[in-house]
Amino acid sequence: MNCGSIVRLRSRRERRVGAHDRIRPAPVRPGGAHVPALRRAVAILDHVSASSAAPTLSGLARALGLPKSTAHGLVQAMEELGLLARAADGTLRTGPHPLLWAGDFLARTDLVSVFRHSVAQSRRFERFTVTMTVLDGREVVYIACSDANRPLDVAFRIGMRLPAPFTATGKALLAARPDGELDGLFAQGFPAPLTRYSIASLPDLRRELVETRRRGFSIDDGQIREGLFCLGATVGDHTGQAVAALALSLTRSEATPDMIATLGGTLVEAAADLSRRLGAG
């Protein structure tokens with residue numbers, strides 16, 4: 001498994017990941033003095049990065065409700081600053097400059113630093129890929145990854161989003177939240193399945209979360225990718241709140257009952273170690 005600077009699942013379903021369930025930016029009202037250029041620029045970056053297909057300038061203006069002349073001026077300035085890049089066919093994509101900010105943010109984030117020190121530099125998980133995510137609404141966002149010493153047919157990139165109900169880390173984080181919060185999170189509907197094994201409803205999720213709490217760690221058995229088996233455990237901070245989760249990935253053929261029990265316990269210990277480093281009692 002390869003952990004790069006951004007995250008993707010290599011499957012024919014990859015375009016669906018986040019395409020239907022990612023939170024979209026609200027349309028920008030054109031012409032109002034109460035909407036400064038900075039807000040418009042951020043809305044443009046949000047839209048470009050969230051689009052499954054690279055947008056054109058006219059499509060961007062239409063989606064955000066901007067006059068085409070306004071969108072053209074903003075996009076031109078953002079290209080000059082490296083915030084956007086334009087392909088030969090005129091479509092837009094995120095430019096390289098935001099990576100500088102992302103790198104600085106990650107370098108200064110305690111969660112990532114602790115992950116690198118406690119997990120990435122440890123040899124206890126060298127056979128397996130270990131990732132860390134945080135919960136953002138009904139999705140998890142990948143913020144750190146440690147490569148296995150042998151590849152799997154899945155690649156994670158920092159910044160990848162997946163529906164929380166299907167992932168091991170998402171299940172672990174949702175299990176740590178009050179059960180009543182689930183109704184609000186999924187009031188607009190349940191995510192579309194990624195595989196034939198993805199759970200299909202909120203009642204199914206509730207049953208899995210009960211089992212996760214009983215077991216002490218979560219399981220994703222082919223729900224984000226068939227043949228992939230993941231275990232998850234939460235990481236807490238000094239307040240006792242679950243602020244992130246670790247996941248350990250292996251192939252389904254490796255996931256014997258004994259292996260699941262052993263690795264699950266080891267992952268819970270690793271998550272507890274990270275929690276102590278973050279000030280948890």
Side-chain angles (χ1 to χ4, degrees), residues 7 17-18 20-24 109-112 114-115 118-119 130-145 156 158-195 197-224 229-249 260 263-281:
V7 152
V17 172
H20 300 294
D21 302 301
R22 182 182 287 113
I23 298 173
R24 299 283 185 175
T109 300
D110 286 343
L111 281 171
V112 177
V114 167
F115 176 92
S118 181
V119 176
V130 181
T131 54
M132 176 185 277
T133 74
V134 294
L135 190 64
D136 183 17
R138 46 194 251 161
E139 296 180 319
V140 292
V141 182
Y142 287 74
I143 64 171
C145 179
F156 291 103
I158 306 308
M160 177 174 107
R161 289 174 173 266
L162 289 176
F166 307 145
T167 67
T169 53
K171 296 177 199 293
L173 288 164
L174 291 173
R177 305 285 286 273
D179 193 59
E181 291 187 14
L182 295 179
D183 292 323
L185 280 176
F186 301 102
Q188 302 303 314
F190 206 73
L194 300 180
T195 76
Y197 300 113
S198 300
I199 56 174
S201 67
L202 185 53
D204 290 338
L205 175 61
R206 291 186 191 278
R207 285 190 286 271
E208 284 212 15
L209 298 186
V210 169
E211 183 63 18
T212 293
R213 296 180 188 114
R214 183 200 64 77
R215 188 191 303 114
F217 56 89
S218 61
I219 288 177
D220 156 29
D221 187 357
Q223 294 193 37
I224 63 171
F229 194 97
C230 303
L231 309 173
T234 55
V235 175
D237 65 4
H238 66 284
T239 69
Q241 299 296 311
V243 294
L246 297 180
L248 183 150
S249 301
I260 293 169
L263 291 178
T266 303
L267 187 67
V268 169
E269 291 174 2
D273 179 57
L274 265 68
S275 300
R276 286 189 292 271
R277 292 172 184 267
L278 292 171

Open item on the list: Are Thr133 and Leu173 packed together at the side-chain level, in the sense that at least one heavy-atom pair is separated by less than 4.5 angstrom?
Closed with: yes
TODO: Could I get the full list of side chain to side chain contact (heavy atoms under 4.5 Å, CB included) partners for Asp273, not counting sequence neighbours?
DONE: Ser118, Arg124, Arg276, Arg277
Task: Donor-acceptor contact present, side-chain Asp220 to main-chain Gln223, <3.5 Å - done: yes
TODO: Check the angle between the aromatic planes of Phe166 and Phe190 and answer parallel, tilted or perpendicular using the 30° and 60° thresholds.
DONE: perpendicular
Open item on the list: Do Cys230 and Thr167 make a side-chain contact, defined as non-hydrogen atoms from C-beta onward lying under 4.5 Å apart?
Closed with: no
Open item on the list: So Leu209 and Leu182, do their side chains get closer than 4.5 Å, heavy atoms only?
Closed with: yes
Open item on the list: Strictly distance-based, threshold 3.5 Å: is any side-chain N or O of Ser218 a donor or acceptor partner for the main-chain N or O of Ala168?
Closed with: yes
Task: Residue pair Leu135 / Val140, side-chain heavy-atom distance below 4.5 Å - done: yes
Task: Residue list, side chain to side chain donor-acceptor pair (under 3.5 Å) with Asp204, at least two apart or on another chain - done: Ser201, Arg207
Open item on the list: Test your reading of the model: is there a side-chain donor-acceptor pair from Thr195 to the backbone of Gly222, 3.5 Å cut-off?
Closed with: yes
Task: Distance-minimising heavy-atom pair for Ala244 and Met132 - done: CB-CG, 4.0 Å
Task: Nearest heavy-atom neighbours spanning Cys145 and Phe156 - done: SG-CB, 4.4 Å
Task: Under the side chain to side chain contact (heavy atoms under 4.5 Å, CB included) test, residues paired with Ala233 that sit two or more places apart - done: Leu267, Val268, Ala271
Task: With Arg213 via salt bridge (Lys or Arg N to Asp or Glu O under 4.0 Å) - residues at least two apart - done: none
Open item on the list: Minimum heavy-atom separation for Asp221 and Tyr197, please, with both atom names.
Closed with: O-CB, 3.8 Å
TODO: May I ask you to test the Leu194-Leu162 pair for a side-chain heavy-atom distance under 4.5 Å?
DONE: yes
- [ ] Quick one: do Asp179 and Arg206 satisfy salt bridge (Lys or Arg N to Asp or Glu O under 4.0 Å)? Show the steps, please.
- [x] CA-CA 8 Å; Asp179 193 59; Arg206 291 186 191 278; 2.6 Å; yes
Task: Residue pair Phe115 / Ala144: nearest heavy atoms and the distance that separates them - done: CD2-CB, 3.5 Å
Task: Residue pair Ala176 / Thr234: nearest heavy atoms and the distance that separates them - done: CB-CG2, 4.3 Å
Task: Sub-4.5 Å side-chain heavy-atom contact between Leu246 and Thr131 - done: no
TODO: Identify, with sequence neighbours excluded, every residue that meets side chain to side chain contact (heavy atoms under 4.5 Å, CB included) alongside Glu269.
DONE: none
Open item on the list: When you compare the side chain of Arg215 with that of Ile260, does any pair of heavy atoms fall below 4.5 Å?
Closed with: no
TODO: Check whether more than 12 heavy atoms from other residues, nucleotides or ligands sit under 6.0 Å from atom CD of Gln188, and answer yes or no.
DONE: no
- [ ] Might you point out which heavy atoms bring Glu208 and Ile219 nearest each other, and give the distance in Å?
- [x] OE1-O, 4.0 Å
- [ ] With sequence neighbours excluded, give me every salt bridge (Lys or Arg N to Asp or Glu O under 4.0 Å) pair touching residues 184-195.
- [x] none
Open item on the list: Is there a side-chain contact between Leu174 and Leu185 in this structure, where contact means two heavy atoms from C-beta onward sitting under 4.5 Å apart?
Closed with: yes
TODO: Quick one: pull up CG in Asp183 and CG in Leu202 and give me the separation to the nearest 0.5 Å.
DONE: 6.0 Å
Open item on the list: With rounding to the nearest 0.5 angstrom, report the CG to OG1 distance, Leu205 to Thr212.
Closed with: 8.5 Å
